[in-house]
2 protein chains.
Amino acid sequence: MQRPTIKTIAQETGLSIATVSKALKHSPQVRPETRAIVIEAATRVGYELNMHGVQLRTGKTYQVAAIMTAPGPKQNEWEGVEYAQLLSGISWALEDSPYRVSLYAVRNFEESQAVIKQIVSLKKADGIIISGTRADDPRIRTMQAADFPFVTYGTSIHNAPHAYVDADNEQMIRVSMARLVERGHRRIALLNPLSDLSYGITRLEAYKHALEVAGLSFDPALVAHGRLTPAFGRENVLTMSELANAPTAYICANEASALGAFSGFHERGLVHGRDAVINATDDLNVSQYFAPPITTYYLPISEPSSLLGAYILRRMEGEPPEALQTLLMPDLIERCDDRLNPNR
Amino acid sequence: MQRPTIKTIAQETGLSIATVSKALKHSPQVRPETRAIVIEAATRVGYELNMHGVQLRTGKTYQVAAIMTAPGPKQNEWEGVEYAQLLSGISWALEDSPYRVSLYAVRNFEESQAVIKQIVSLKKADGIIISGTRADDPRIRTMQAADFPFVTYGTSIHNAPHAYVDADNEQMIRVSMARLVERGHRRIALLNPLSDLSYGITRLEAYKHALEVAGLSFDPALVAHGRLTPAFGRENVLTMSELANAPTAYICANEASALGAFSGFHERGLVHGRDAVINATDDLNVSQYFAPPITTYYLPISEPSSLLGAYILRRMEGEPPEALQTLLMPDLIERCDDRLNPNR
DNA sequence: ACAAGAAAGTTAAACGTTTTTATCGTGCAT
DNA sequence: ATGCACGATAAAAACGTTTAACTTTCTTGT
């Protein structure tokens with residue numbers, strides 16, 4: 001048996017395929033009674049719209065391209081970027097729409113740039129979702145110039161507004177720093193993402209500003225930039241803890257680097273809560289299983305991801321980007337007092 | 001400017017669109033010289049094949065559906081299933097082909113079953129990749145019945161052979177158990193995935209067999225099945241360590257549950273290497289950052305994932321499934337002696 | 001020299017939709 | 001009655017590609 005098409009329904013009902021097509025998409029041009037007949041026949045024969053026909057005819061792809069920057073195949077390191085959860089969140093947000101998520105895995109920034117140019121110029125998707133935005137991001141410019149719908153996970157400083165979702169890094173660092181200062185910390189280390197990433201810059205700015213407010217001086221030796229792997233967290237604890245004036249608190253930008261920081265503590269014989277403390281940002285609620293559990297700023301990854309999906313839908317429907325911008329404040333989860341206690 | 005089509009090239013070269021089409025796909029029906037002319041014109045005008053036309057005409061979708069079973073949007077727990085790396089590995093394997101990865105996020109087994117039925121009957125993809133196979137998996141039956149190309153990440157016990165990639169769980173447990181027994185362990189706990197998953201069964205069988213070989217008796221209290229979250233690892237250490245005859249070794253099926261096991265150690269005041277040890281399977285090399293680092297069986301996730309991509313391509317080209325079956329043996333990485341040492 | 005067959009192109013149809021344009025009644029005002 | 005607008009449906013073209021069937025020209029064996 002062949003798969004039924006609108007032609008099948010046309011024959012079945014004695015109507016023309018044009019009427020059938022219009023009836024199925026609720027065109028006001030067809031009478032309710034006629035529509036009812038069409039719908040009945042459609043369900044009876046088990047009709048399902050063939051997207052290939054639609055795509056060819058309309059030029060729409062009904063694909064949302066998700067650009068995922070994952071390190072090359074040889075690198076199997078945990079970066080704590082929960083792309084899987086991000087992707088599934090997006091996918092679920094599109095569930096009741098005709099759109100599908102189409103995956104574009106790239107190895108680095110340059111590749112993502114090339115891929116995006118291709119998607120835009122060859123119209124391989126109707127919308128794009130990117131993450132890991134830079135402050136001044138050429139990919140954003142590409143898409144804006146072509147008036148192509150997109151949403152970013154992460155902010156940027158572009159003049160023209162664009163749709164984005166991000167954690168409120170500024171507020172997070174401000175709150176985090178104030179809390180640590182209040183608990184007596186004077187030397188606070190910042191383990192930051194790569195310095196060209198937009199949120200890295202935001203965090204650094206907020207960090208510097210918080211130091212100023214607290215009357216503390218900025219020491220570049222307490223700030224590190226890098227890929228947020230466990231190795232990164234570990235290395236930095238190893239070096240920073242050897243400083244003449246070692247930090248008593250480490251703010252880690254994700255759970256992977258926090259885990260690595262613990263590894264550094266273990267190596268140096270440092271005890272969490274006696275010699276120093278670790279705070280982190282956490283998407284996965286995994287920090288509660290550290291030994292000991294640490295204080296985190298927790299933003300369930302499902303929130304930004306479903307927003308990304310919702311926003312790209314609305315953007316593709318022509319909604320202006322200004323209305324599609326959200327900063328989410330993570331919840332502070334205090335699992336530690338975070339005051340140093342010499343008796344531990 | 002309109003996007004160039006084969007019609008553009010036909011006008012440009014004075015040939016018919018049929019010849020152009022054939023030339024571009026290296027049909028033997030067109031002379032090399034003619035093909036050269038076509039190719040030249042194509043590159044000159046910047047021609048790119050429009051997939052929608054192809055898809056409509058041929059019925060092929062050029063999509064590979066990756067079914068990803070992720071817990072619902074409300075659950076943000078780390079399961080250590082590195083779908084992101086799995087997906088990017090697959091995506092890269094398809095890079096030089098016309099195929100794209102299309103993502104289907106589902107919440108549970110039933111949903112994945114429904115989605116697969118739909119993909120198969122409505123031909124929404126040309127091939128499917130699934131993971132989390134059950135020993136007797138109805139999804140596999142669906143696809144086999146329809147003669148639909150697919151590859152599984154995980155084995156099954158179906159009569160008809162199918163393409164799969166998996167870690168060699170049997171060998172891994174055998175080696176692992178022998179090693180622990182040799183180091184003096186007599187009470188070994190197995191933290192296993194959900195009991196309907198194929199690899200859970202394989203591991204359990206191998207575990208029982210290893211006990212038998214070592215002359216040890218099987219104690220159901222030392223085996224747990226569940227979603228491999230940190231919570232699962234933690235809970236089981238908490239309960240098992242209270243047994244009259246507590247285990248001295250825990251074999252964790254992934255790094256997330258191993259992390260949770262550490263959390264249980266911390267809670268109970270157990271010291272790794274003195275009271276008990278933890279061994280794990282690890283895709284991400286993250287166990288080296290545990291405190292202390294533990295012994296793992298490490299299979300870089302990039303290996304199975306690129307195999308999955310390569311296999312689905314070959315399967316879609318009609319290669320018989322028998323030729324596309326691989327069990328990968330993870331590397332044993334000894335980071336601990338794993339003998340109990342009371343003086344620690 | 002000639003039929004047969006291969007080689008290289010062309011023509012035309014088809015895939016399933018959407019959408020513009022045309023057709024045909026019907027009701028209504030004039 | 002005539003003309004007109006309107007509402008509902010039909011006809012036809014178009015999107016870009018592949019491919020079966022056909023045509024033309026050139027080889028080749030007898």
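Each chain gets a letter, A, B and so on, in the order its sequence line appears, and its residues count up from 1. The shown structure was predicted, so the numbers you read here are calculated from the model rather than taken from an experiment.
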In terms of side-chain heavy atoms of [X], which of [options] is nearest?
{"X": "B/Leu56", "options": "C/dC15, D/dA10, D/dT19", "value": "C/dC15"}
{"X": "A/Gln29", "options": "D/dT9, D/dG16, C/dT18", "value": "D/dT9"}
{"X": "B/Ala18", "options": "D/dT19, D/dT17, D/dA13", "value": "D/dT19"}

What is the distance, rounded to the nearest whole Å, between atom [atom1] of [X] and atom [atom2] of [N]?
{"X": "A/Ile6", "N": "C/dC15", "atom1": "CD1", "atom2": "C1'", "answer": "12 Å"}
{"X": "B/Gln55", "N": "C/dC15", "atom1": "CD", "atom2": "C1'", "answer": "12 Å"}
{"X": "A/Ile9", "N": "C/dT18", "atom1": "CD1", "atom2": "P", "answer": "11 Å"}
{"X": "B/Glu48", "N": "D/dC15", "atom1": "CD", "atom2": "P", "answer": "20 Å"}
{"X": "A/Met51", "N": "C/dC15", "atom1": "CE", "atom2": "C1'", "answer": "16 Å"}
{"X": "A/His52", "N": "C/dC15", "atom1": "NE2", "atom2": "C1'", "answer": "10 Å"}
{"X": "B/Lys22", "N": "D/dA21", "atom1": "NZ", "atom2": "P", "answer": "12 Å"}
{"X": "A/Leu122", "N": "D/dG16", "atom1": "CG", "atom2": "P", "answer": "13 Å"}

Just to confirm, is there a sub-4.0 Å distance from OP1 or OP2 of [N] to any side-chain nitrogen or oxygen of [X]?
{"X": "A/Thr5", "N": "C/dC15", "result": "no"}
{"X": "A/Tyr62", "N": "C/dT17", "result": "no"}
{"X": "A/Thr19", "N": "D/dA10", "result": "yes"}
{"X": "A/Arg31", "N": "D/dT9", "result": "yes"}
{"X": "A/Thr34", "N": "D/dA8", "result": "no"}
{"X": "B/Ser16", "N": "C/dG9", "result": "no"}

Say whether, by atom type as modelled, one donor and one acceptor occur between the side chain of [X] and the main chain of [Y] under 3.5 angstrom.
{"X": "B/Thr13", "Y": "B/Val38", "value": "no"}
{"X": "A/Trp92", "Y": "B/Ala105", "value": "yes"}
{"X": "A/Gln325", "Y": "A/Val165", "value": "no"}

Looking at [Y] and [X], is there a salt bridge between them, counting it only when a charged N and a carboxylate O are closer than 4.0 Å?
{"X": "A/Arg315", "Y": "A/Glu319", "result": "no"}
{"X": "A/Arg3", "Y": "A/Glu48", "result": "no"}
{"X": "A/Glu95", "Y": "A/Arg100", "result": "no"}

Considering every strand and a 4.0 Å limit on heavy-atom distances, what is the contact class for [X]: base, sugar-phosphate, or nothing?
{"X": "A/Ile17", "result": "base"}
{"X": "A/Lys25", "result": "sugar-phosphate"}
{"X": "B/Ser21", "result": "base"}

> Taking N and O atoms by type only, does the side chain of A/Lys7 place a donor or acceptor under 3.5 Å from a partner on the base of C/dT17?
Replying inline: no
> For A/Tyr47 and B/Pro28, take the nucleotide of DNA chain C holding the closest heavy atom to each; which residue's nucleotide lies nearer the 5' end?
Replying inline: B/Pro28
